[in-house]
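The sequence lines fix the lettering, A, B, ..., with proteins before strands; numbering per chain opens at 1. Here the structure is a predicted model, which means the values were calculated and not measured.
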Amino acid sequence: MLEIKSLKLTLNGKPVINDLSLEVKGGKIHGLLGVNGTGKTTLASLIMGISYPDEGNIIFEGHDITQCTISQRARMGITLAWQEPARFEGLSVGEYLKVSRNLSSSEIESYLWMVGLPPKEYLNRAVDVSLSGGERKRVELASVLAMKPKVAILDEPDSGIDVVSLPHIMNGIAQMSKQGSGVLLITHSEEAVGVANEVSIMCAGKIINSGQPQEMCQWFRDNCQTCVHIGEPDYKGV
Amino acid sequence: MILPKGKFDPKGQIVVKEYEAMLEAYSRAGGNLGALKSKEVGNLVIHKNKVLSANEAEGIKVETEETETGVNIYFLIEEGAKIKYPVHLCFGVLPEEGLQEITLRVEAQANSEIDVIAHCIFPNAVDVIHKMDADINIGDNAKFSYRETHYHGEFGGIKVIPKAKIRVGKKGIWESTFALIEGCVGMLDYDFEIFGEEKSNCELMVKVSGKKEDDISIVEKIHLDGKEARGLAKSRLVLNDNAKAVVRGETYGNAPLARGHVDCLEIVNGEGVIARAIPVVYVNDKQAKVTHEAAIGSIDKKQMQTLMARGLSEEEAVDVIVRGILK
């Protein structure tokens with residue numbers, strides 16, 4: 001469904017995305033695991049069209065969308081949930097969920113329930129600073145669910161989330177794949193990638209290993225947790 | 001919102017009944033016609049210097065005096081009266097030219113509660129001046145909520161000069177919102193000053209959408225004179241084209257445990273826009289605290305990208321953000 005082919009991006013003379021290739025399939029969750037500063041959020045920006053690569057291609061359903069704008073990509077069915085979602089003064093949760101398409105009240109309510117937010121309490125709340133970080137992230141996930149995207153890029157939906165909110169976030173992600181969306185789940189948490197069908201490990205702008213979640217988590221523990229690697233990946237056996 | 005042509009002759013002589021024309025304009029501006037017709041709801045309709053309708057709801061006394069250029073209004077809310085329905089005020093100048101000077105004296109006696117909704121309608125203004133000079137006393141433990149919404153035409157030929165001095169008694173509450181987001185502002189010179197006594201709560205909010213050659217000046221001053229008084233001076237402006245705006249939000253913490261905040265946001269959305277914000281925070285009591293935040297700039301990039309990632313075009317995203325800010 002979504003293919004990233006040999007993507008490269010250099011910023012200030014430093015390779016940030018370094019010949020990266022990846023595939024996200026419909027209805028599947030692809031976990032992208034990596035420590036801070038490995039280029040995960042930059043990759044999300046490139047896929048969404050917030051920035052553009054120096055080289056390589058992004059192919060979606062057979063079409064090269066590398067030069068498409070954010071809006072064009074979104075209308076094709078790609079969306080992004082930010083690590084720190086924007087706040088909107090004067091926009092209610094209900095209105096925010098309806099931004100991408102017309103929804104009935106019951107549909108809006110069902111999406112809020114999917115992320116564990118009681119509609120009565122949240123429907124008319126503003127998507128502004130009055131929401132906690134966890135609430136805002138859950139609203140963001142509900143809004144992605146409401147869009148029914150073909151591919152959702154979720155940038156660290158679990159970071160800064162308390163133990164009460166986390167199961168709701170994970171449920172929202174599972175719902176996305178159930179409704180047929182391909183999910184690129186970006187995280188540095190081993191627990192979060194437990195819901196993934198496949199996991200890739202990213203380091204210094206490159207995919208350095210891919211495989212089953214359990215196997216990759218073990219590999220991540222063995223190779224990455226003490227690593228402060230910046231520059232070209234040089235792992236043994238990679 | 002512009003009335004059909006033919007209802008006025010070029011000199012501004014109204015050829016239909018003024019009251020009907022005001023009601024029609026009020027309705028087009030989104031006003032609640034039922035409220036103006038109901039005997040249970042207090043209302044006051046003034047066109048230029050003529051009082052067209054006045055209805056005193058229970059607990060309210062209204063006296064009016066027509067002058068050459070406007071109307072003097074004395075408005076009393078009796079002690080302990082809790083006014084059930086919002087009182088509706090409708091002021092306007094319907095012809096292209098005119099002057100309207102409203103002098104408003106308000107006495108909200110102790111323990112009273114009222115919600116006032118004012119519509120100011122100038123749909124055809126080419127050369128219109130609307131002045132309001134208000135002197136308002138909110139008694140101890142009284143609550144006064146005032147929402148003033150303006151409906152202007154697209155010609156920009158209007159000067160709006162609302163000035164108010166408000167005194168809020170002990171534990172009293174004043175909340176006001178001034179909104180001018182329909183049509184061209186023209187020239188706006190808004191100046192509200194409020195003095196809060198012990199444990200009072202004083203909130204001033206202004207929302208303005210400026211465009212073309214609009215010239216906007218906003219002054220919000222809050223004096224927190226009583227112990228534990230609270231104040232918020234908030235403004236939200238969206239400026240397009242060549243609009244100019246200066247916002248001065250001042251809060252003075254003059255008493256122990258007084259708390260105040262000045263919050264100004266101006267969105268610059270045009271090449272010729274000039275926006276200024278001058279927050280003044282002043283404290284002369286060691287236990288008082290006053291804070292401020294002022295932001296001037298273009299629309300937040302991340303907000304734009306977020307909405308575009310949901311499929312909105314750039315223009316649609318701007319529209320959603322601006323509507324939210326001015327909501």
Any donor-acceptor pair under 3.5 Å from B/R310 side chain to A/S71 backbone: no
Within the supplied structure, the quantity of interest is the number of heavy atoms (other residues, nucleotides, ligands) at a distance under 6.0 Å from B/K82 NZ; does it exceed 12? yes
Are B/L307 and A/F88 close enough that some pair of their side-chain heavy atoms sits under 4.5 Å apart? yes
Is any side-chain heavy atom of B/T306 closer than 4.5 Å to a side-chain heavy atom of A/E140? yes
Considering heavy atoms only, which positions within residues 48-63 of chain A lie below 4.5 Å of chain B? A/M48, A/I50
Do any of residues 100-117 of chain A come closer than 4.5 Å to chain B, heavy atom to heavy atom, and if so which ones, in number order? A/S100
So what's closer than 4.5 Å to chain A heavy atoms on B/R236: side chain, backbone, both or neither? side chain
B/K302 side chain to A/W82 backbone, donor-acceptor under 3.5 Å: no
Which atom of A/A74 lies closest to which atom of B/G311, heavy atoms considered: CB-N, 3.4 Å
Heavy-atom cut-off 4.5 Å, strictly under: side chain, backbone, both or neither for B/L326 against chain A? neither
Between B/Q305 and A/I70, which heavy-atom pair has the shortest distance, and what is it? CG-CD1, 3.8 Å
What part of A/S143 gets closer than 4.5 Å to chain B, counting heavy atoms only: side chain, backbone, both or neither? both
Only pairs of heavy atoms separated by less than 4.5 Å count here; which of B/I325, B/L312, B/L265 has the most with chain A? B/L312
Report, as yes or no, whether the 6.0 Å neighbourhood of atom CD on A/Q72 holds more than 12 heavy atoms from other residues, nucleotides or ligands. yes
